[in-house]
Amino acid sequence: MLFLVAALLLMGIALGTAAHLPLPVTLVAAAVIGGWLLVFFVRERRHQSEVTSR
């Protein structure tokens, strides 16, 4: 329950901040975060396949 409250609080802060930024800045930030998540996903997937193949 505490995790849910913390997640909602952080999301509210992030959305509140994004509402005050210009649209191009928000879109660039979203693209950077999305790219970082994609790189993280690929690295984790590659690491997991290396571990299971041993």
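We count residues from 1, following the sequence as given. Just so we're clear, the structure is a prediction, and the values are computed from it rather than from any experiment.
Hydrophobic cluster membership for Leu37: Ile33, Trp36 (Ile, Leu, Val, Met, Phe, Trp, Tyr linked by side-chain heavy atoms under 4.5 Å, directly or transitively). Cluster partners of Ile13, by chain and number: Leu9. The rule joins Ile, Leu, Val, Met, Phe, Trp and Tyr whenever side-chain heavy atoms lie under 4.5 Å apart. Other members of the cluster containing Leu21 are Val25, with ILVMFWY side chains joined at under 4.5 Å, either directly or via other members. Hydrophobic cluster of Val39: no remaining members, since no ILVMFWY side chain lies below 4.5 Å from it.
Remark: Pro24 engages Pro22 in a side-chain contact (heavy atoms from CB on, under 4.5 Å) (not counting sequence neighbours). Scanning for side-chain contact (heavy atoms from CB on, under 4.5 Å) contacts around Leu2 gives an empty result, with sequence neighbours left out. Applying the side-chain contact (heavy atoms from CB on, under 4.5 Å) criterion to Leu23, with sequence neighbours excluded, gives Leu27. For Arg46, the side-chain contact (heavy atoms from CB on, under 4.5 Å) partners at least two apart in sequence or on another chain are Val42, Glu50.
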